[in-house]
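Convention: sequence-line order gives letters A, B, ...; per-chain numbering from 1.
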Amino acid sequence: MRKILLGLILLLAAAARAQEPPGFEGDFLVITKTPQRFPVAVPNFLVNSTSADDQAVGQRLTELLRQNFQYSGVLQILDPKSYLTPLSSGPEDFSAWTLIGAEALVRGFLTRTPEGRVQIELRLYDLARQEMVLGKRFTGSEAALRQMVHRFSDDVLEWLTGRRGSFETQIALVSDQSGRKEIHVMDSDGGNPRPVTNNHTLNLAPEWWPNSSRLLYTSYKAKNPDLYVLDTFEGKEWRISNRPGLNVGAAFRPDGKRIALVLTPREGNSDIFLLNPDGSGLTQVTSSWAIDVSPAWSPDGKFLAFVSDRGGTPQIYMLDLSRGAESENNRPVRLTWEGDYNSSPAWSPDGQRIAFAGRRAGQFDLMVIELGKGPGGSVRALTETPFNEEDPAWSPDGRSLAFASDRYGNYDIFSISVYGGAARRLTEWPSAETAPAWSSSLKR
Amino acid sequence: MRAKLSWWLMGLAVAGLLAGCGGKAKKAITEAETAVEEAKQAEAPQYAPDEFKSAEDNLVLARDQLEKRKFKDSRASAITARDQAYLSRDRALERKKTAEAAKQETKALEYNVPSLYGEEELAGAGKTATEVSMEDQAKAALQDVLFDFDSATLSDEGRSILAGNAQWLKNNPGLKVLIEGHCDERGAEEYNLALGQRRAEAVKKYLMSLGLDESRLKTISYGESLPLDPGHTEEAWAKNRRVHFAVSQ
Amino acid sequence: MSGYPLITHRRDRDASIRFLRMATVSLLIHGLVIFSATLYSRRSSAHSFRESSILVTFHESPQTLPGPPAGAVDQVPPPGGARVTSPAPSQSKPPAQSSEKVIPKDPTKSEIKTGGKSGTEKPVPLTKAEQASMDAALDALRRQVAGSEQGAEAAEWNAAMAEIGGSLQSRAYHQQAGQVLADAWTPPIGVAGNLSVRVLVKLRGDGTILGWTLIQSSGDAALDASVERLFQKVTKLDPIPWANPGETLDLPIEFRPGSGEN
C-alpha cells in the first residue's frame, strides 16, 4: 500500500523534475524582455564665453543633439527638468545621473579659439562602467557646428548598436517655393536648406548617386523631361538621357554602375530600362503594354521593384534581374494585393523590407512589406493618419524613412524612425515640398 | 645695246610690280566702295551708324595709304572697310525688320479685335504679330480633352472635340501642335507622368487616324505639375485631367 | 534528462535506485491515474500547473485550478516528461484510487496562483501564504512517514520530500533572481528578434555574483554589450536559501530580447 503510494509520489517527483519549471529551458534560466530605448541624459552644453550669442548657439546645439537622439528611436532623452547636478567642467558625479535612471551621459563644451573659430568637445559616459567611452573634439567654422553634432550623434549610435546613424547626411527634395518646381538640398534635420537648380522650368525626382554628392534629376529646361546629373559640390551638370518622351524616375543600382529609368519609346508606353551612368548601354527590362514606372533596386542589385498597372490598378511588382529582362520565363511577381493604388516602392538597405505608399480609404499611408515572410511578405502600416503620406525614402542606416505629408496643409518633408515614435518635421515653408531622397553618409 | 634692254626690262618689271601691288590695293578699295554703297542703300547710316562710320573711315584711310604708296596697309584697310560695310548692312536690315514688326504689333493691338480672340497678352520676344494672333486663335479653337481618373481612354465627347480640333488644324496647315498630357494631383508623380504621356499619345494617335500628319504632332507629359485649377476638389481635379494643345509655326 | 537547475544538491544514489524500482512497480497504476485525469483536462498545461497538481494530489483536494499563463507559449514545453504531465487538468478530479491516499487534506491551503502575464513579464513568485501551506503539507507528510514501519522507507520519504521542497524553493529563487536581472537589463532596440546570449554566472551562497562567462554570443555585439553592462550594474542577488554562504554555485542564464515589431 505504502509502496504504491510512495511510487506514486516518486513518479510525480520525477515528473516534477522532468518537466520545465517556468523560465527554464534545459539548464538555462531564460530571461526575456522587450527591447527598450536606451536612457540618456543630455544636459546643456557648457559654453566658455559670456556672450549671449554664444550661449544661444550652445543652447541650439544642445537641442539639436537631444532631438537627434530622440528621433533616432533607439535612445530616450531623460527630461532635462529632472537633472539634479549643477554642471561643471570637472569630474563627473555619476551617481547623480544614475539616480534619475540614466545609463549614459553626454557632455558638450563649446569654446571659441583666439582665431575666432569654434571648438566643441563632446563626451559620452557609460554610467555602468563609470567611465568615458567616447570623446571627440571638433574645430571649425560656426557654419559647420551642426554637422559636428550630427557626426557625434552617428558615433553614439555606433557605440550603442554597432551601426552608425544617418545624421550626417543630406536630403534632396523638390520644392515649388519659387513658383516652379526646383531641386533643393538640406541636412538630415532640415537645416541649411538651399536650392541646387534655378532654371524656372520643371525639375523633378531627385535621386542620389551612391556615396557621392551627385544628384540625378529630370528637368524640362530643354523643353522635354530629360535626365541630368548635377554635382552639388562643384556645381557642374550634364545630361545623360534626352530621348523623346519621358526620361524619368532614375534609380541608381547600389554599386553605382547602372541606372534604372523610365522611357517611353513605343507610342507613349512607359517601360523600365537600364543605362550606364555615361549614357551608354541601354537595355530594356519591362516590356508590357501597361504603365511600368518607379524602379527601386534591392541592395544586392539583383531585384528590381516597380509599379505597374498591368493588373488594372497601380500595384507593386518585383522582377528577378539575375534572370534577365521580363520574358515568358521571367515574370514579375506581384507584391501588393490590397488597396487600389500602391506606389513608390523603396527597398530598405538591409534588404529585409520594402516601404511604399498605399492608398487606403482615399488617403495614402506609408506601408512596409516584410519580405521573407512567405510569398508577398506581410504588410503593415507605418503611419495611419487622415492625411497623405507619400514618397518614402530610406536613410542609409535603414533606421529612418523620409517622406512627404500634407498633414499641415501643403506637403512638407518629414522623417520617422522605423521603431516608432513621432515624425520629425524637416521643412516648414508655405510651399509644397515632395520627393525626398536621402544621401549616403557624408563621412568618408 | 643688250645691257640697255635688260635695264629697260628690269625697269619695266619693277614698274609692273609696283603697279601690281598698287593694283591689289586698288581692287580692294573698289570692293570696299561697292560695299559701302550697298550699306547706304540698306540705310545703314540710320540703323547701324557705328559700323557704317567705321567702314567709311577705313575707306578714307585706305585711299590715303594708297597715295602714300603704302600698298599693303592700304589693302588691309580697304578689306576692313569692306567687312565693316557689310556688317553694317546686315545689322541695319535686322533692325529694320524688328522695328517694322513692332510697328505691326502695335497696329494689331489697336485693331478692334472681336471677342473670340484674346487681346491681353503680348507674344514673347521674337514673335511676329501673325504668330501671336495665330496662337490666340488656336487657344480658342483647340479645346482641352478631359479624362476619367487613372484613365487614358478617349470618351465620346473627347472624340468629338478632337474631330473639331483636327478640322481646325487641317484648315491651318502651316501649324505644328504640341499635345500636352496632364493629370490631377492625386497619386504618385512618376505614375502621373507616365499617365500623362499615355493620354497625349492616345490623342495623337486619334488625330493621326483622322488624317493629320505625324510630323505636325508632338507629345509631352507634365504629369501633375501644371494643373489648370490649383484647387483640391473634384471639380478642380476633373479640369486637370486633360490633354491641352499648344501650337507653333 | 536534466530538467533541473544545476544548483547542486546532495543526493543519495542508492535511494535513487530503489526509488526507480518502486516507480516501475507502480507505473501501471499511476499511468491509469494520469490517463483518467487527462480526460478531464481542458487545456494543455504549463509547468506551473504541474506544481499545483502535485500539491493537489498531496492534499487530496479536487481543487479547480486556473488556466495556464497567457505567455506560456514563450516557454518551451517540457521534453520527455510531457507524456506524463502535459495534458495536466485544469480541474483534476482525483481518480477513484485516490481513496488509497492517506495524505490529509489541508483545509487552510489556498489555491495556488499560476503564472502571470506574458513571458516578457515577471513570473509570479509564490506568496508567503502559499509557501507556508506547502511547508505545512510537507510537514504532515514527514510526520506520517516518521511513524512508518520501515526506516528505510522513511528515509526515502524524507529524501523525496526534500527534493520536491527543494525544487520548489529553487524555482522561487530563480524567479526572483530572474526578475532582478530582467529589471536591470536594457536590451537595445533594433536587434534581430531571434537572437539570444548565453552566460554562466558564478554565484556565492550569499548571493554575490563572483563573475560571469559568455558561453554563447548572440552574434550581435550590441546585444552582448547590453548583457555586459547589466552585470556591471548588478553585482549581488539574494542569498540562496539552500546553500551555504561560502559555497560556489553555477547559474546558466539565457537572455533574449522579446521581439518587438522590427
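The side-chain heavy atoms of Ile31(A) and Arg256(C), taken from C-beta on, include no pair separated by under 4.5 Å. Residues Phe28(A) and Ile215(C) form a side-chain contact, since some pair of their non-hydrogen atoms from C-beta on lies under 4.5 Å apart. Side-chain atoms of Glu254(C) and Leu29(A), non-hydrogen and from C-beta on, never get closer than 4.5 Å to each other. In this structure the side chain of Thr186(C) reaches within 4.5 angstrom of the side chain of Pro39(A), judged on heavy atoms.
Contact detail for Pro35(A) and Gly258(C): the closest heavy-atom pair is CD-O, 2.9 Å. Looking at every heavy atom in both residues, Arg229(C) comes nearest to Ala128(A) through CG-CB, 3.5 Å. Minimum interatomic distance between Asp183(C) and Lys33(A) (heavy atoms only, all atoms of both residues): O-NZ, 3.4 Å. Summarising the geometry of Ile189(C) relative to Gly73(A), their closest heavy-atom pair is CD1-O, 3.4 Å, with the distance given to 0.1 Å.
Remark: Thr98(A) OG1 to Lys233(C) NZ distance equals 9.0 Å, nearest 0.5 Å.
At most 12 heavy atoms of other shown residues, nucleotides or ligands fall within 6.0 angstrom of atom CD in Glu338(A).
With a threshold of 4.5 angstrom between heavy atoms, Gln130(A) does not approach chain C through any atom at all.
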